[in-house]
Visitor: 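Below are the C-alpha cells for one structure; questions will follow.
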Amino acid sequence: MQYLESLNPPQREAVETTEGPLLVLAGAGTGKTRVLTTRLAHILSLRKATPHQIMAVTFTNKAASEMRERVSSLLGGLPVEGWWLGTFHALCVKMLRRHAKLVGLESNFTIIDTDDQVRLIKQLMEAENLDTKKWNPKMVASLISDYKDKAKKPSELNANDVGGLCDGKLITLYRQYQSRLRVVNACDFGDLLLHMITIFKDPENKQILDQYRNQFQYILVDEYQDTNVAQYLWLRLLAMREDGRASNICCVGDDDQSIYGWRGAEVGNILRFEQDFPGAKIIKLEQNYRSTKNILAAASHVIAENESRLGKTLWAEAEEGEKLIVKGLWDGAAEARFVGEEIESLHSKKHSLNDIAILVRAGFQTREFEERFMALSIPYKVIGGLRFYERAEIRDALAYFRVTAQPNDDLALERIINTPKRGLGASTIQMLQHTARASQISLYEAIRTVTQTDELRPKVKETLIELVDKFDFWRDQMSKIHHCELAKMILDESGYVDMWKQDKAPDSPGRLENLKELVSAMEEFESFSQFLEHVSLVMENQQKDHAEMVTIMTLHGAKGLEFPIVFLPGWEEGLFPSQRSMDETGLKGLEEERRLAYVGITRARERLYISHAANRMVYGKWVNAMPSRFLAALPDEVVDVQNEVFGRSSHWDSSGQNNHRVSAGADPLPNIVRPTTNDAGDTLAVGARIFHDKFGYGKILHIDGNKIDISFEKAGRKRVLKNFIKKA
DNA sequence: ACTAAGATAGTTTTT
DNA sequence: CTATCTTAGT
C-alpha cells in the first residue's frame with residue numbers, strides 16, 4: 001500500500017474513509033484527481049468491492065478516460081474491467097437502453113443534439129402558428145432544456161412557471177416536443193437523465209431501482225459543484241437506502257470553481273451536502289502543490305470577495321515566486337502585441353511554448369491573438385471552437401448513417417433529404433412533415449405512405465422512392481458487410497462524396513479529407529450502431545499534436561488544467577466580468593465571474609500575466625473599457641503594475657489604494673488625451689476612426705495641436721494636419 | 001428551386 | 001465586424 005505513503009494527512013483520510021457519505025472539498029491544485037483515483041484503487045485492492053460494484057461519474061469523457069488510465073496504473077497497469085465509469089449521460093444511456101420500453105422508446109433510440117432539438121422545436125412552433133421571430137426557437141429549446149436540467153416534466157409545470165412565454169403555449173410545445181421525440185424514437189441529452197429518474201421514481205419499477213442500489217456499493221462523483229438538479233436527483237435515488245441512510249457516496253468538488261451555473265449547475269448541491277446525505281463527513285484539501293505563493297495570494301484575495309462559499313484557505317510550501325505582471329494597454333491590438341513579444345522573449349529564454357497558455361473569457365477574443373501569432377510565426381493551437389463532429393460534412397455523413405441505422409430518425413433524414421440536391425424543395429418536405437405529424441408517424445413512414453398515392457408529382461415521387469429504397473438496401477447490408485465498407489458505400493451511392501468533389505469552393509478538398517477521417521475513425525468500433533453511440537456522446541476530437549505550441553483557450557476550457565506560464569488578457573469591466581452575466585443574474589452572475597477569475601489565476605504554476613486594454617473593438621464599434629474590478633482585489637505586494645495607458649480610468653483611481661501603481665517609466669503628463677475639432681466640425685478624439693484622401697482609413701493615435709498622429713490601415717503611421725482628415 | 005442580396009444578432013459549453 | 005438566416009428575384 002505504498003500509494004498511501006505519498007499522500008498528505010487529509011488526502012489520506014479522504015482515501016481511507018471508504019464507508020458512508022463523504023464530501024471532499026478540494027481547492028485548486030490540491031491533488032483532487034490523485035485522491036479520487038487513489039481512493040478507487042484502494043477500494044479495489046482491499047477487495048471491498050468488485051469493479052462491477054463501483055460507479056464513478058465524471059463530467060467529461062476526457063476526465064473519464066484519464067481516470068481509467070490512472071486507476072489502472074496505480075493497480076500495476078492492469079486494466080480495470082466492468083466498472084461503471086463515465087459521464088452522467090453515458091451511464092444513463094447504458095441504463096436507458098435496457099429499460100427504454102418503460103418510457104415508450106425502443107432500445108435503439110437515437111440521441112439528438114442541440115441542433116436537431118432547435119430544428120424540431122421550430123417546426124412545432126410553426127405548426128402552432130407561433131411567431132418564431134418573437135419567440136426564438138433557440139431560446140425555446142434552451143428553456144425546455146432548463147426545465148429538464150431541473151428535472152421538470154411538462155406535467156410538473158404550471159402557468160406560473162412559464163408565464164406568458166410563447167403566448168402561453170410553452171407547456172404545450174414542451175409536451176408536443178416530447179411526444180414527437182417518442183414517435184421518432186429519440187432522446188435529447190436532458191431526457192437521458194429525466195427518463196431514468198422517471199423510471200426510478202415509479203413504484204412499479206421498484207425492483208429495477210433496488211437492483212442498481214444493491215449493485216453500486218461505492219459511488220464516486222467528480223466535479224460535484226457542477227451537477228444540476230436532475231443529476232443530483234438521479235444520484236440521490238441511487239445513493240440513498242430505503243431506511244433513509246446514505247450509502248458509500250463520495251463527492252469531490254470545489255465550490256469556488258463552480259462556473260457552469262449558466263447551464264443549470266447548482267452550487268447549492270455542494271453547499272447542501274451534509275443535509276442531503278445525513279452523517280456525511282467533510283474533508284477539506286487545502287494544501288496547494290501547483291502555484292507559487294504570490295499566485296496563490298492573488299487567487300485567494302480575488303475569491304475572498306465572494307459571499308456564498310464554504311470557505312477554504314489555500315496554502316503552499318512553494319516559493320514566493322515572481323510577482324504577477326498586471327499590464328494596462330491602449331487597445332486589443334496592443335495587448336496582442338504585448339503578449340506576442342513577451343512570448344517571444346520567454347521562448348528565447350528556453351521556455352517551451354507548450355508551457356504557455358492564453359486564457360480568455362470569450363471565444364471571439366482568440367482572433368486577435370491568432371492574427372498576431374501568425375504575423376510573428378508563433379505556433380499556437382486554439383482549443384475549443386468547432387469540433388470535428390460539428391462540421392457540416394461530418395454531420396451530414398452522420399445523418400446518412402443515422403437514417404440507415406434507425407429510419408425513424410426524422411431529424412437526420414430532414415438534414416440530408418435534399419443534400420445533395422435532389423429537387424426536393426420546401427413544399428415537398430412541408431407536405432411530408434404535415435402527413436407525418438397528422439398521423440403520428442415518422443417522416444420515413446410518411447414517405448412510404450405518400451409514395452403509394454398520386455399526391456406528388458411523378459418526378460418527386462420517383463426520387464423519394466429511390467431514396468428510401470437505397471436506405472432500405474443499406475440497412476440490409478448492416479448485418480452483411482463491415483461497417484466501414486458500408487459507410488463508404490453510403491457516402492458514395494448517395495452522391496454525397498460527388499457533391500463535394502464537384503464543389504469548387506477552396507475548402508471542399510478539406511471536407512473530403514474529413515470524410516475519409518470519419519470512415520477511418522470508425523475502424524476502432526465494432527459496429528455501426530456502436531460508432532453512432534460514441535459520436536453522440538463524445539463530441540470531442542482527440543487529435544494529439546507533438547509540435548511545440550502555445551495554447552489559446554477559454555477560461556471554461558482550462559478548468560482542471562495547469563501551465564507554468566499563463567496570460568489572462570481582457571480583464572475589463574463588461575468583458576470580464578461579463579456584462580451579460582451581471583445583467584442576467586446580478587450578484588450571482590458576478591460571483592460566478594469571480595470564480596472564473598479564480599480558476600484562471602490558479603491555472604498558473606510559476607508566472608502570471610494579467611492584462612487589460614483601454615479601448616476595444618466590440619461588434620465593429622470602439623468602446624472604452626475600465627480595468628476589471630477583479631484587479632483591485634489583487635494585493636499590492638504580489639503584483640507589478642505596468643500601465644501603458646496614459647489616462648488612467650476612474651475606477652482604477654477610485655480604488656484609492658492602487659493609485660501608486662504606475663510604473664516608474666510612465667510619464668502621463670505630456671500625453672493628455674484631449675479631443676479637438678477640425679474646420680469641417682468633426683470631433684477628433686484619440687482612438688477615433690478617420691478617413692484621409694491620400695492615406696485612406698486610419699485611427700487617431702495622438703493629438704498635438706493641429707497635428708495629428710494616425711495609424712493608417714494601409715499606409716502605416718503618419719503625422720497629418722487635422723483639416724485633411726474627416727470622421728470615417 | 002435556386003441564388004444573391006439584405007437583415008439580424010452576437011458569452012461561457014459539455015453531454 | 002462577421003456569420004447566419006430570411007426574403008426577394010430570376
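Here is the naming used below: chain letters follow the sequence lines, and residue numbers restart at 1 for every chain. Because the structure is predicted, anything quoted here is derived from the model rather than measured.
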Visitor: Where the side chain of A:Lys421 is defined as all heavy atoms beyond and including C-beta, which of B:dT11, B:dT15, B:dC2 is the nearest nucleotide?
Guide: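 Of the options given, the side chain of A:Lys421 lies nearest B:dC2.
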
Visitor: Could you tell me how far apart A:Glu592 (CD) and B:dT12 (P) are, to the nearest whole angstrom?
Guide: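 Result: 14 Å.
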
Visitor: Using 30° and 60° as the class boundaries, would you call the ring planes of A:Phe373 and A:Phe369 parallel, tilted or perpendicular?
Guide: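 The arrangement is tilted - the two ring planes meet at 30° to 60°.
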
Visitor: What is the distance from CG of A:Asp226 to P of B:dT13, rounded to the nearest Å?
Guide: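 Going from A:Asp226 (CG) to B:dT13 (P), I get 13 Å.
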
Visitor: For the side chain of A:Arg580, counting heavy atoms from C-beta on, which of B:dT11, B:dC2, B:dT15 is nearest?
Guide: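 Output: B:dT11.
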
Visitor: Within 45 degrees of the ring normal and closer than 6.0 Å to the centroid, is that where the cationic atom of A:Arg97 sits relative to A:Phe109?
Guide: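 Pair A:Arg97/A:Phe109 counts as cation-pi.
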
Visitor: Starting from P on B:dT15, measure out to NZ on A:Lys559 and report it in whole angstrom.
Guide: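 Computing the A:Lys559:NZ to B:dT15:P distance gives 13 Å.
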
Visitor: Can you tell me how far P of B:dG10 sits from CG of A:Leu575, to the nearest Å?
Guide: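 From A:Leu575 CG to B:dG10 P: 17 Å.
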
Visitor: Between A:Ala362 and A:Ala90, which residue's closest nucleotide on DNA chain B lies nearer the 5′ terminus?
Guide: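 Nearest-nucleotide comparison on DNA chain B picks A:Ala362.
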
Visitor: Between atom NZ in A:Lys621 and atom C1' in C:dT2, what is the gap in whole Å?
Guide: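 Rounded to whole Å, this separation is 14 Å.
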
Visitor: Are A:Tyr224 and A:Tyr232 near enough that their ring centres are under 6.0 Å apart?
Guide: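 No, they do not, as the ring centres are separated by 6.0 Å or more.
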
Visitor: Students often mix this up, so state it plainly: with edges at 30° and 60°, are the rings of A:Tyr609 and A:Phe567 parallel, tilted or perpendicular?
Guide: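 Plane angle under 30°, so parallel.
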
Visitor: Using a heavy-atom cut-off of under 4.0 Å over every strand shown, decide if A:Lys122 touches base, sugar-phosphate, or nothing.
Guide: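 Since only primed, P, OP1 and OP2 atoms lie under 4.0 Å of A:Lys122, the category is sugar-phosphate.
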
Visitor: Give a yes/no verdict on base stacking between B:dT14 and A:Tyr260: centres under 5.5 Å, planes within less than 30° of parallel.
Guide: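 Per 5.5 Å and 30° rule: no stacking.
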
Visitor: Using a cut-off of 4.0 Å on non-hydrogen atoms, how would the nucleic acid contact of A:Thr554 be classed: base, sugar-phosphate, or nothing?
Guide: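 Result for A:Thr554 = sugar-phosphate.
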
Visitor: Side chain of A:Arg263 only, heavy atoms from C-beta on: which candidate in B:dT15, B:dT14, C:dC1 is closest?
Guide: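 Taking heavy atoms from C-beta onward, the closest nucleotide is B:dT14.
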
Visitor: Below 4.0 angstrom from OP1 or OP2 of B:dT15, is there any side-chain N or O of A:Asn61?
Guide: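 Answer yes for this pair, as a side-chain N or O of A:Asn61 is under 4.0 Å from OP1 or OP2.
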
Visitor: Roughly how many Å is it from CG in A:Asn136 to P in B:dA9, rounded to a whole number?
Guide: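 That distance rounds to 9 Å.
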
Visitor: Has the side chain of A:Arg361 got a donor or acceptor atom sitting under 3.5 Å from an opposite partner on the base of B:dT12?
Guide: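 Yes.
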
Visitor: To the nearest Å, give me how far apart CG (A:Leu537) and P (B:dT13) are.
Guide: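 Atom-to-atom, A:Leu537 to B:dT13, this comes out as 20 Å.
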
Visitor: Under 4.0 Å between any heavy atoms, over every strand shown, what does A:Asn418 touch: base, sugar-phosphate, or nothing? Just pick one.
Guide: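 If one applies the 4.0 Å heavy-atom cut-off, A:Asn418 turns out to touch the sugar-phosphate alone, with no base involved.
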
Visitor: Expressed as a whole number of angstroms, how long is the span from A:Phe189:CZ to B:dT14:C1'?
Guide: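 Taking CZ of A:Phe189 and C1' of B:dT14, I get 8 Å after rounding.
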
Visitor: Please work out if A:Gly190 contacts a base, only the sugar-phosphate, or nothing of the nucleic acid, heavy-atom cut-off 4.0 Å.
Guide: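 No contact.
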
Visitor: Using a 3.5 Å limit on both pairing distances, list the dot-bracket string of DNA chain B from the 5' end; Watson-Crick and G-U wobble pairs count, crossing pairs take [ ], interstrand pairs take |.
Guide: ||||||||||.....

Visitor: Would you call the rings of A:Tyr174 and A:Tyr147 parallel, tilted or perpendicular, where under 30° means parallel and over 60° means perpendicular?
Guide: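 A:Tyr174 and A:Tyr147: parallel rings.
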
Visitor: Quick one: label A:Glu593 by what it contacts on the DNA or RNA (base, sugar-phosphate, nothing), any heavy atom closer than 4.0 Å.
Guide: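 If one applies the 4.0 Å heavy-atom cut-off, A:Glu593 turns out to touch a base.
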
Visitor: Any side-chain heavy-atom pair from A:Glu584 and A:Trp262 closer than 4.5 angstrom?
Guide: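 Counting from C-beta outward, A:Glu584 and A:Trp262 never come under 4.5 Å.
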
Visitor: Are A:Tyr389 and B:dT14 close enough that a side-chain N or O sits under 4.0 Å from OP1 or OP2?
Guide: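 False: A:Tyr389 side-chain N/O out of range (4.0 Å or more) of B:dT14 OP1/OP2.
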
Visitor: State which of B:dT12, C:dT6, B:dG10 makes the closest approach to the side chain of A:His556.
Guide: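 My answer, after comparing the listed nucleotides, is B:dT12.
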
Visitor: For a quick check under 3.5 Å, do A:Thr419 and A:Asp396 share a side-chain donor-acceptor pair by atom type?
Guide: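 No, no side-chain donor-acceptor contact under 3.5 Å.
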
Visitor: Is the shortest heavy-atom distance from the side chain of A:Val302 to the side chain of A:Arg594 under 4.5 Å?
Guide: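 A side-chain contact under 4.5 Å exists here.
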
Visitor: Would you indicate whether A:Glu128, at its atom CD, is surrounded by more than 12 heavy atoms from other residues, nucleotides or ligands within a distance under 6.0 Å?
Guide: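 Atom CD in A:Glu128 is crowded, with more than 12 foreign heavy atoms closer than 6.0 Å.
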
Visitor: Would you indicate what A:Ser427 reaches in the nucleic acid, counting non-hydrogen atoms under 4.0 angstrom: base, sugar-phosphate, or nothing?
Guide: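 Contact class for A:Ser427: sugar-phosphate only.
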
Visitor: Which part of the nucleic acid does A:Arg422 contact within heavy-atom distance under 4.0 Å: base, sugar-phosphate only, or nothing?
Guide: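 It contacts nothing in the nucleic acid.
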
Visitor: Of A:Met582 and A:Arg457, whose nearest nucleotide on DNA chain B comes first from the 5' end?
Guide: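 Upstream on the strand: A:Arg457.
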
Visitor: Identify whether any heavy atom of A:Phe59 sits under 4.0 Å from a base atom; if not, whether one sits that close to sugar-phosphate; answer base, sugar-phosphate or nothing.
Guide: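 A:Phe59: backbone/sugar contact only, no base atoms under 4.0 Å.
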
